[in-house]
Amino acid sequence: MPPPAVSTAPVAPVVASSSSAAAAAPRRPRSLRLRVTPYASVSSSSSPSTLAVSIPPPPPARHSRKQLVGRDGAPAKPAKPRVFFLDVNPLCFRGSQRSLGAFARWLALFFAHVSLRDPVVAVLDGEGGNEYRRRLLPSYKAHRPRGPGTGADSRVIDVLRECNVPVVRVDGYEADDVVATLTEQVLQKGFRVVIGSPDKDFKQLISEDVQLVMPIPEIGRWSFYTLRHYVAQYKCDPTADLSLRCFIGDEADGVPGIQHLVPGFGRKTAVKLLKKHGSLENLLNTAAVRTVGKDYAQDALVKHADYLRKNYEVLSLKRDLKVQLDDRWLSTRDSCNDSSVLSDFILKFNEGQNISEDARVELESERAPNRTFAVPENMPK
């Protein structure tokens, strides 16, 4: 069936007149720029206010001597600039409970230690984003609540907007699909991509130019997860990630693996076969005409081919949504509002002294150099 219509809901900047400002009670000054990137630009008909936004070009990139000189002393190409995608919805929860305090803290850490002034695009789940996958597989995320109050609300959107972060959602699709589509477009423009999310579904996108950065509650920091980390963890290439997950399933998302049909068919068998045949489709096509493994594996591949293909359709991220990257989103982010906006947000929705103090320290401290933290042993699989 054709994809649902894409909706656009730009949020206009809040501008106080001089008379209202004079009448207001004294308070700490707060700098709000009129160059705030509007919320959502995802339809073919942009609003006039969206077209009027002006963002200055990024300053010239600075590179260290180490970056500009190769090992043999020959000039090396400067690193590609980065664009960050922020998967907002998971950051709005602590466990299964909504928590604006958790969102504020992770966002403060993200700006102070991870993205700095690199471009950031925030992405939300669209209305009914899970439905087409649930039609394919009724158990898909069936245990998760639906309806209003289950995702990011207008207060979260306002904070992101005031921090000069564009926010995108496409009705009928999950944030994962929007990120996957926009990632393809960013790569075509010569940028690297870093996806900020705890969602393991994004591992299927990892490459030399696509990294993840995950919030790790155990260490209270964001941790980069790269191609090197993936190979060390799974002993295979990320191009096989989606095919591998079709065999082992995804319990958290309600996608059962093949083990409950063929108990002896586990991760080790799947990795061995995929290393040899490259992808699920190649493996299934080969198994249909000749033997590819032991009897139990061969029988499973022939008997349950449709089952595995359905898992593939459910778990694969779509990369062809009707959403277009705005070139203005690739500009250096104006971070001058971060401290005041997030401090006010934390004070207003404080859910615990520790959270407030931790976030305040991050916002008031000097911006630390971008760093890669160690990947803990309990990294989500």
Side-chain angles (χ1 to χ4, degrees), residues 9-18 20-22 24-41 49-50 52-59 81-88 91-92 100-124 152-169 194 196 213 215 222 326-350 355-370:
V11 177
V14 178
V15 182
S17 65
S18 57
S20 62
R27 56 169 293 177
R28 177 167 53 82
R30 180 162 148 196
S31 173
L32 291 181
R33 306 290 287 268
L34 297 184
R35 293 180 304 192
V36 170
T37 308
Y39 156 56
S41 178
S49 61
T50 299
V53 175
S54 175
I55 297 178
R82 299 182 303 180
V83 175
F84 285 82
F85 287 105
L86 191 63
D87 184 15
V88 174
L91 304 180
C92 298
L100 291 176
F103 168 76
R105 183 177 187 280
W106 285 121
L107 189 63
L109 287 166
F110 187 80
F111 287 158
H113 291 289
V114 180
S115 66
L116 305 181
R117 295 190 66 211
D118 287 326
V120 179
V121 179
V123 185
L124 306 178
D153 62 23
S154 60
R155 293 169 293 184
V156 170
I157 294 171
D158 288 343
V159 166
L160 291 164
R161 175 175 57 83
E162 291 179 15
C163 289
N164 297 305
V165 174
V167 179
V168 183
R169 65 156 44 113
V194 184
V213 61
W222 289 87
D326 190 324
D327 285 343
R328 291 169 293 185
W329 300 348
L330 305 178
S331 299
T332 299
R333 187 178 68 85
D334 185 347
S335 60
C336 67
N337 296 339
D338 291 2
S339 180
S340 61
V341 170
L342 289 176
S343 293
D344 287 352
F345 187 78
I346 291 167
L347 288 173
K348 188 174 183 180
F349 302 108
N350 183 25
I355 296 172
S356 178
E357 290 303 318
D358 286 348
R360 194 187 313 281
V361 168
E362 296 298 340
L363 289 168
E364 294 178 353
S365 64
E366 293 182 357
R367 288 183 172 272
N370 202 356

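No hydrogens, no waters, no symmetry mates; every other heavy atom, side chains included, goes into these values.
Without hydrogens or angle criteria, W222 side chain to W106 main chain gives a donor-acceptor distance under 3.5 Å. Side chain of S343 to backbone of S340: no donor-acceptor contact under 3.5 angstrom is found.
Contact detail for F345 and A104: the closest heavy-atom pair is CD2-CB, 3.5 Å. N164 and D334 get closest at one heavy-atom pair: ND2-O, 2.7 Å. Between P119 and S331, the shortest heavy-atom distance links the atoms CG-O, 3.2 Å.
Salt bridge present: D158 and R161 bring a charged side-chain N and a carboxylate O closer than 4.0 Å.
A distance of 6.5 Å separates SG of C163 from CG of N337, quoted to the nearest 0.5 Å. With values rounded to the nearest 0.5 angstrom, T332 atom OG1 is found 11.0 Å from L116 atom CG. Rounding to the nearest 0.5 Å gives a distance of 11.5 Å between CG of L330 and CG of D118. Taken from CD in E162 to CG in L342, the straight-line distance is 9.5 Å, to the nearest 0.5 Å. The distance from atom CZ of R333 to atom CZ of F111, rounded to the nearest 0.5 Å, is 4.0 Å. Distance check: L100 CG to L91 CG gives 12.0 Å after rounding to the nearest 0.5 Å.
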*Please lay out, stage by stage, how F85 and V168 fare under the test side-chain contact (heavy atoms from CB on, under 4.5 Å).*
CA-CA 10 Å; F85 287 105; V168 183; over 6 Å; no

*asked:* Applying side-chain contact (heavy atoms from CB on, under 4.5 Å) to I157 and V88, what does each step give before you reach the verdict?
replied: CA-CA 9 Å; I157 294 171; V88 174; over 6 Å; no

